[in-house]
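It should be emphasised that the depicted structure is a prediction, and the values quoted were computed from it without experimental measurement. For this chain, numbers begin at 1 and follow the sequence in order.
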Amino acid sequence: MASMFGGSGSVYRALHRALHRRLAPGVCVQGAARIQSVRAATNDSQPEEKYCLELVRSRDYDGFVSSLLLPEEARRSSLALRAFNVELAQVKDSVSQKTIGLMRMQFWKTAIEEIYRDDPPSQPVSAELWRAVRKHYLTKRWLLRIITEREKDLDDRAYRNLQELEAYSENTQSSLIYLLLECLGIKDVHADHAASHIGKAQGIVTCLRATPYHSSRRKVYLPMDICMLHGASQEDFIRGSREQNVRDVAYDIASQAHVHLEHARSFSRNVPLFSRGAPVLQVVLEDYLQRVRRADFDVFSPSLQNRNPLLPFQMYLRSWKKTY
């Protein structure tokens, strides 16, 4: 997913300018210092680190920005984990045969085993992931669970119901957040509950948000039970229908994502440490849900095709305020 600003350097400059225009002087200095430290670290980084940074910047821009906003000790490991997630996520769209996809997933299963034996394969993401595992003692189970779930998803079919989509989101997005919490040194049952709900919300929003792209390729992954409930066929989505029944499907799915975000927020008082790595991706999810509501739940509305250019600043403010 391309950057709205055209590159990481221009992101830093845009953030720097916005901080001076919109925030108090003390905050400007703090924000600018963080941006400059990331910039310096990028210039001095090893090829593997640069590879992961560019991969995440180009394919998971929201994750890229949120990684830059983490405390310095977790930033590089976050980018490694997100690069790993990108590598797995793009397998499905980049192979013409399921067998080839299964071979790539097997590579990553073997790579994880080798990483935990201190013998990572010669591959940039594997090398960075090995570093993150050694530094933060990351749980192998979460890494393998992401691979296993992505592997099952190679069957390339619609989710039978919303619960199936939630289970997929838990095993992929929530597992990734559990690992990010470990990078931050946060081990708390309430934090895990919040992470679970955020991950489910992210998976649901991602599925909804990607509907126009998937429809253009004649594929529909939205839960079949909700589509049947409103009498919306796969062909309705493939032809980009903007009829009320299609909007009703989007409304039900978006509402469930909103419920998960509210559940996550209910844990805020019990997770004081969570604010160290405030899940700023919530800003992204809330932004999309607000925009799709304003579009009357028309997922094909042109207003949803462009990213909100103020989103990085809103993510920074959420991180600075340590609220979620």
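Closest approach of Val299 and Pro212 over heavy atoms only: O-CG, 3.3 Å. The nearest pair of heavy atoms linking Ala83 to Leu55 is O-CD2, 3.8 Å. Nearest heavy-atom pair, Ala80 versus Cys52, reported as atom, atom and distance to 0.1 Å: CA-SG, 4.5 Å. What you find for His136 and Glu182 is that their closest heavy atoms are CB-O, 4.1 Å. Contact record, Pro120 with Ile115: CB-CG1, 3.9 Å, taken as the closest heavy-atom pair. For the pair Leu79 and Ser67, the tightest heavy-atom approach, listed with the atom from each and the gap, is CD2-CB, 3.7 Å.
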Does the side-chain contact (heavy atoms from CB on, under 4.5 Å) test come out yes or no for Ile253 and Cys207, once each step is laid out? CA-CA 9 Å; Ile253 296 172; Cys207 183; over 6 Å; no
One pair to check against side-chain contact (heavy atoms from CB on, under 4.5 Å): Leu261 and Leu289. What are the steps and the verdict? CA-CA 11 Å; Leu261 288 179; Leu289 292 176; 3.8 Å; yes
If you apply the rule side-chain contact (heavy atoms from CB on, under 4.5 Å), what do you find for Asp248 with Phe297, and how did you get there? CA-CA 7 Å; Asp248 289 341; Phe297 299 95; over 6 Å; no
Is there a side-chain contact (heavy atoms from CB on, under 4.5 Å) between Ile112 and Leu129 once you walk through the steps? CA-CA 9 Å; Ile112 296 301; Leu129 199 56; 3.8 Å; yes
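The distance from the CZ atom of Arg141 to the CG atom of Leu179 is 10.0 Å, given to the nearest 0.5 Å. The OG atom of Ser215 sits 10.0 Å away from atom CD of Glu235, with the distance rounded to the nearest 0.5 Å. Distance CG/Asp153 to OG1/Thr172: 8.5 Å, rounded to 0.5 Å. Within the model, atoms OG1 of Thr139 and CG of Leu144 stand 11.0 Å from one another, a figure rounded to the nearest 0.5 Å. Atom CG of Asn161 sits about 11.0 Å away from atom CE of Met228, to the nearest 0.5 Å. Distance check, rounded to the nearest 0.5 Å: CD1 of Ile198 to NE2 of His260 gives 12.0 Å.
Proximity of a side-chain donor or acceptor of Asp252 to a complementary backbone N or O of Val249 within less than 3.5 Å is not detected. For the pair Gln256 (side chain) and Ile204 (backbone), a donor-acceptor distance under 3.5 Å is absent. When atom types are taken as modelled, the side chain of Ser196 and the backbone of Asp192 share no donor-acceptor pair closer than 3.5 angstrom. Within the 3.5 Å criterion, the main-chain N or O of Gly231 finds a donor-acceptor partner in the side chain of Asn245. Looking at Ser66, its side chain does come within 3.5 Å of a backbone N or O of Gly63 through a donor-acceptor pair. The backbone N or O of Ala74 lies less than 3.5 Å from no partner atom in the side chain of Ser78, so there is not a single donor-acceptor pair. Listed for the Ser301 side chain is a donor-acceptor partner under 3.5 Å among the backbone atoms of Ser303. Checked by atom type and distance alone, the side chain of Ser77 never pairs as donor or acceptor with a backbone atom of Ala132 at under 3.5 Å. In this structure a side-chain-to-backbone donor-acceptor pair under 3.5 Å is missing from Ser174 to Asn171.
Legend: ring-ring contact (aromatic ring centres under 6.0 Å, His included) pairs involving residues 207-226, not counting sequence neighbours, sorted by first then second residue: His214-Tyr221. Residue pairs meeting the salt bridge (charged side-chain N to carboxylate O under 4.0 Å, His left out) criterion with at least one member in residues 166-179, sequence neighbours excluded: Arg145-Glu170. The list of salt bridge (charged side-chain N to carboxylate O under 4.0 Å, His left out) pairs with a residue in residues 78-87, not counting sequence neighbours, reads Asp60-Arg82.
Among Arg150, Arg217, Lys219, the single residue meeting the salt bridge (charged side-chain N to carboxylate O under 4.0 Å, His left out) criterion with Asp93 is Arg217. With Glu128 as the fixed residue, the side-chain hydrogen bond (donor to acceptor under 3.5 Å, both in side chains) test singles out one of Arg76, Gln123, Gln46: Arg76.
By the 4.0 Å N-to-carboxylate-O rule, Glu72 lies too far from Arg75 to be salt-bridged with it. A salt bridge links Asp62 with Arg209: at least one charged nitrogen is closer than 4.0 Å to a carboxylate oxygen.
Classified by interplanar angle (parallel below 30°, tilted 30° to 60°, perpendicular above 60°), the ring pair Tyr159/Tyr168 is tilted.
Annotation: His230, atom NE2; neighbour count of heavy atoms from other residues, nucleotides and ligands within 6.0 Å is above 12. Heavy-atom neighbours of Arg160 CZ from other residues, nucleotides or ligands within 6.0 Å: at or below the threshold of 12. The number of heavy atoms from other shown groups lying within 6.0 Å of CD (Glu243) does not exceed 12. In this structure, Tyr116 places its OH atom where more than 12 heavy-atom neighbours from other residues, nucleotides or ligands lie under 6.0 Å away.
For Lys152, the salt bridge (charged side-chain N to carboxylate O under 4.0 Å, His left out) test picks out Glu149, with sequence neighbours left out. Shown here are the ring pair (Phe, Tyr, Trp, His ring centres under 6.0 Å) partners of Tyr288, two or more places apart in sequence or in another chain: there are none. Checked against salt bridge (charged side-chain N to carboxylate O under 4.0 Å, His left out), Asp155 has the following partners two or more places apart in sequence or in another chain: Lys98. Evaluation of the salt bridge (charged side-chain N to carboxylate O under 4.0 Å, His left out) rule for Glu114 yields no partner, not counting sequence neighbours. Looking at residues two or more places apart in sequence or on another chain, you find a ring pair (Phe, Tyr, Trp, His ring centres under 6.0 Å) between Trp142 and Tyr178. Looking at residues two or more places apart in sequence or on another chain, you find a salt bridge (charged side-chain N to carboxylate O under 4.0 Å, His left out) between Glu262 and Arg265. Applying the side-chain contact (heavy atoms from CB on, under 4.5 Å) rule to Asp296 yields the partners Arg247; only residues at least two apart in sequence or on another chain are considered. Taking the ring pair (Phe, Tyr, Trp, His ring centres under 6.0 Å) definition, one finds that Phe300 meets it with nothing, sequence neighbours left out.
When hydrophobic clusters are built by joining Ile, Leu, Val, Met, Phe, Trp and Tyr residues whose side-chain heavy atoms come closer than 4.5 Å, directly or via intermediates, Phe64 is not grouped with Leu88. Leu181 and Leu143 are members of different hydrophobic clusters when ILVMFWY side chains are connected at heavy-atom separations under 4.5 Å. Leu176 and Leu165 fall into different hydrophobic clusters, where Ile, Leu, Val, Met, Phe, Trp and Tyr residues are linked whenever their side-chain heavy atoms come under 4.5 Å apart, directly or through other members. Note: the hydrophobic cluster containing Leu70 does not contain Leu81 (ILVMFWY, side chain heavy atoms under 4.5 Å, direct or indirect links).
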Residues 100-111, side-chain donor-acceptor partners within the protein, below 3.5 Å, at least two apart:
unit_1: Arg104; atom_1: NH1; unit_2: Ser94; atom_2: OG; d: 3.0
unit_1: Gln106; atom_1: NE2; unit_2: Thr110; atom_2: OG1; d: 3.3
unit_1: Lys109; atom_1: NZ; unit_2: Glu151; atom_2: OE1; d: 2.9
unit_1: Lys109; atom_1: NZ; unit_2: Glu151; atom_2: OE2; d: 3.4
unit_1: Thr110; atom_1: OG1; unit_2: Gln106; atom_2: O; d: 3.0

